[in-house]
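Here's the structure we're looking at; comments come further down.
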There are 2 protein chains.
Amino acid sequence: MAKNKTPTIYDVAQRAGVSITTVSRMLNAPDKVNPETRDRILAAIDALGFVPKAEARARALRQTGRIGVITPFFTAPSFVQRLRGVASVLSKSSYELVIYPVETLDHLQGYLSSIPVMRNLDGLVIMSMAIDPQDAKRLIDNGMQTVLIEYQHPELSSIVIDDFEGGRLVGEHILSKGHRIIGFIGDIEPPERLQIHPVLSRLKGLQSVLEKNNVPLPEAYIRSAPYMQEESKQAARELLGLPQPPTVIFAAADVQALAVLKVAREMGLKVPEQLAVVGFDDIDSADYLDLTTIRQHLDESGKLAVEILLSHIADPSRPPQHVNLPLILIERETA
Amino acid sequence: MAKNKTPTIYDVAQRAGVSITTVSRMLNAPDKVNPETRDRILAAIDALGFVPKAEARARALRQTGRIGVITPFFTAPSFVQRLRGVASVLSKSSYELVIYPVETLDHLQGYLSSIPVMRNLDGLVIMSMAIDPQDAKRLIDNGMQTVLIEYQHPELSSIVIDDFEGGRLVGEHILSKGHRIIGFIGDIEPPERLQIHPVLSRLKGLQSVLEKNNVPLPEAYIRSAPYMQEESKQAARELLGLPQPPTVIFAAADVQALAVLKVAREMGLKVPEQLAVVGFDDIDSADYLDLTTIRQHLDESGKLAVEILLSHIADPSRPPQHVNLPLILIERETA
DNA sequence: GGATACAATGAAAGTGCTTTCAAAAACCTT
DNA sequence: AAGGTTTTTGAAAGCACTTTCATTGTATCC
């Protein structure tokens, strides 16, 4: 047997001693071919394990739909948790989950220009990325059902959280705990590809509360650091090395808060007595570390996104839906 | 314009004043065509509402550009990290990443019976799951390139680690630290769907070292608990409630080790003075918590799997490759 | 026996794309 | 300004089938 290639209609024809025409006809209109010939062809088909490719594909495309998720390269636990939500509802339906990890803006551009046009996706979830109006328009024009997470567009469904409010919640909490010297760590200038600025809003929310209560937050107490562990630790060390170090640090992402906790341990600071820490996201690890943080229902946002998506795929006439997920402060041990 | 037919690439080409080649190229490798031309084509596409037929494309293409990953429903950080490895190499190629989360054995069976026949995948990675000989045969017969992680089959490429050796490493380490009363927590009876028993091997590795050194490990000090946080904590509490509590606990998964650490904190035990903890996996959080653990290069295993897969897709005549990834003990603060 | 009607088949021409290869154009060097 | 690269492009040759159309061999009728 000439193997390792998947058999084509040509192989079948040759083996059955007929032309490809006859094989094709046998497949599409069996009654138009002589029963003897038919049996010969059938035997050849079985022997070769032939499956008409186009048909398989068409069937595959119909029976199992595909939904795509565009996500910043998922190094961050928060994205993972959202994906988990997405997968959990998808695995109950018969949809495949296709992931498009975005590392650079080019990537995103590439996906966005080919996806709507290629039409081999039934729906799309775009996580934490700004998309420009032109791309949005193309999605809409091509009837690609899309749900945005952490970004908005009037004509596309979206799920957002109120980052400003989150910052406020943190501000109120730490003030109520009596803190007056406050440090902030966050990735204020996020990677260009994202083009969204949740961290800045969180900071502003914090600032608004502090101002209202006449608690200062000098420039020196605000450090911008990327999500990486090392950079975050460095930022924490700088903050704690200040002549008058903060008694609480608000890290705008849990992963960064974890880094702060690690520094605190290194320096032998008792948490929360000598240093309180508040995070943002409520990733899984936050619970393990007893980190006080803002829960933004990451799993839920993923689930919801897909549910909205599926309902819109089922009935494309539904208007876009805009959901604002509530935030709550989870008080644990670190603040 | 002859309309009422759905537009083809020819119509687009004509309208944009270029050849079909250029249109096709624009669709598949946008960066290889002049931006001006690109805009013209894009405009034509938009104007005509052109949609490339997936079927035709697959036909001409002879490959699908999709690689699939079958993974236990990815709630566990360790799977996530492997996926990260997978995605990192995939995003450099032009393959789509399709994820098949497995929740039940039925799921797996469904995937395994349709995937090879459907032929809409160029390659497959199967993580941490046993596949029976029949399914393996089907994959092989249909020429589906496959890489197994944490499971072996003589005719399929695979990536494994030596769990027994990992257990040994832990045993030697804790003995060298002077511990003589040892506790073990692990998911010894894993979910039926997995049908693989890495945890048992880890335990056996540990036991082999202990025996050799005449250190006892009574039944009561071995607790089986599923990966969930609550169950793991409960197991830890039981262990620590023993008349003679262990001075070190080896948790066969980092997530469980984190739960142990949490219990220790609850009980006010100093780590590692009063209770040492060793994990297994070296997930991201392990670093944040300074957990002493066995590193099994999760990211790397994912990367490697895809690299092997891609090389086999490129040249299907290559023989299956069996890789044994080395384990090392990472000594941090907890033991 | 000759004309007519079919049934069964294959050669070859699509189908809507991708890809290879080579030519043309634009850009650098020295 | 001559030569060498690189970038853009299109003609044409696939891909795995489906369809059209012409050819053959019979069966049927008068």
Give every pair of a protein N or O atom and an N or O atom of nucleotides 4-8 of chain D that lie under 3.5 Å apart, one pair per line with the distance.
none

By ring pair (Phe, Tyr, Trp, His ring centres under 6.0 Å), B:Y95 pairs with (sequence neighbours left out) none
With the side chain defined as heavy atoms from C-beta on, A:I9 is closest, among C:dG10, D:dT18, D:dG10, to D:dT18
Distance col, row A:I70:CD1 vs A:L124:CG, nearest 0.5 angstrom, shows 4.5 Å
B:E150 meets the side-chain hydrogen bond (donor to acceptor under 3.5 Å, both in side chains) criterion, sequence neighbours left out, with B:R82, B:S128
Atom CZ of A:R40 and atom C1' of C:dT9 are separated, to the nearest Å, by 11 Å
Sugar-phosphate, base or nothing in reach of B:V23, heavy atoms under 4.0 Å
nothing
OP1, OP2 of C:dT9 versus side-chain N and O of A:T22: anything below 4.0 Å?
-> no
Check: B:T21 near the nucleic acid: base, sugar-phosphate alone, or nothing, with a heavy-atom cut-off under 4.0 Å?
Finding: base
A:Q14 CD to C:dA11 P, in whole Å, measures 13 Å
Rounded to whole Å, CZ of B:R38 lies from C1' of D:dT9 at a distance of 15 Å
Validation: residues 305-313 of chain B side-chain donor-acceptor distances under 3.5 Å, sequence neighbours left out:
| residue | atom | partner | partner atom | Å |
| --- | --- | --- | --- | --- |
| B:S311 | OG | B:I308 | O | 2.8 |
| B:H312 | ND1 | B:I308 | O | 2.9 |
| B:H312 | NE2 | B:P319 | O | 2.9 |

Taken in chain and number order and not counting sequence neighbours, the residues that satisfy salt bridge (Lys or Arg N to Asp or Glu O under 4.0 Å) with B:E36 are none
Atom CD1 of B:I20 and atom P of C:dT15 are separated, to the nearest Å, by 13 Å
Whole-Å distance, B:R25 CZ to D:dT9 P, equals 8 Å
Value for CD1 (B:I161) from NE2 (B:H297), rounded to nearest 0.5 Å, stands at 10.5 Å
I want to check one thing: is the phosphate of D:dT18, taken as OP1 and OP2, less than 4.0 Å away from some side-chain N or O of A:S24?
yes
B:R40 meets the side chain to side chain contact (heavy atoms under 4.5 Å, CB included) criterion, sequence neighbours left out, with B:V18, B:T37
To the nearest 10 degrees, the angle between the two end axes of the helix from C:dG1-D:dC30 to C:dT30-D:dA1 (five pairs per end) comes to 30°
Residue set satisfying side-chain hydrogen bond (donor to acceptor under 3.5 Å, both in side chains) with A:T22, at least two apart, ordered chain then number -> A:S19
Discussion item. Need one value for B:T8: base, sugar-phosphate or nothing, where a base atom within 4.0 Å counts as base even if backbone is also close, heavy atoms only.
Written reply: sugar-phosphate
With sequence neighbours left out, the residues meeting side-chain hydrogen bond (donor to acceptor under 3.5 Å, both in side chains) with A:K137 are A:D141
Atom CD of A:E36 and atom C1' of C:dA8 are separated, to the nearest Å, by 12 Å
Between OH of A:Y10 and P of D:dG14 the distance, given in whole Å, is 11 Å
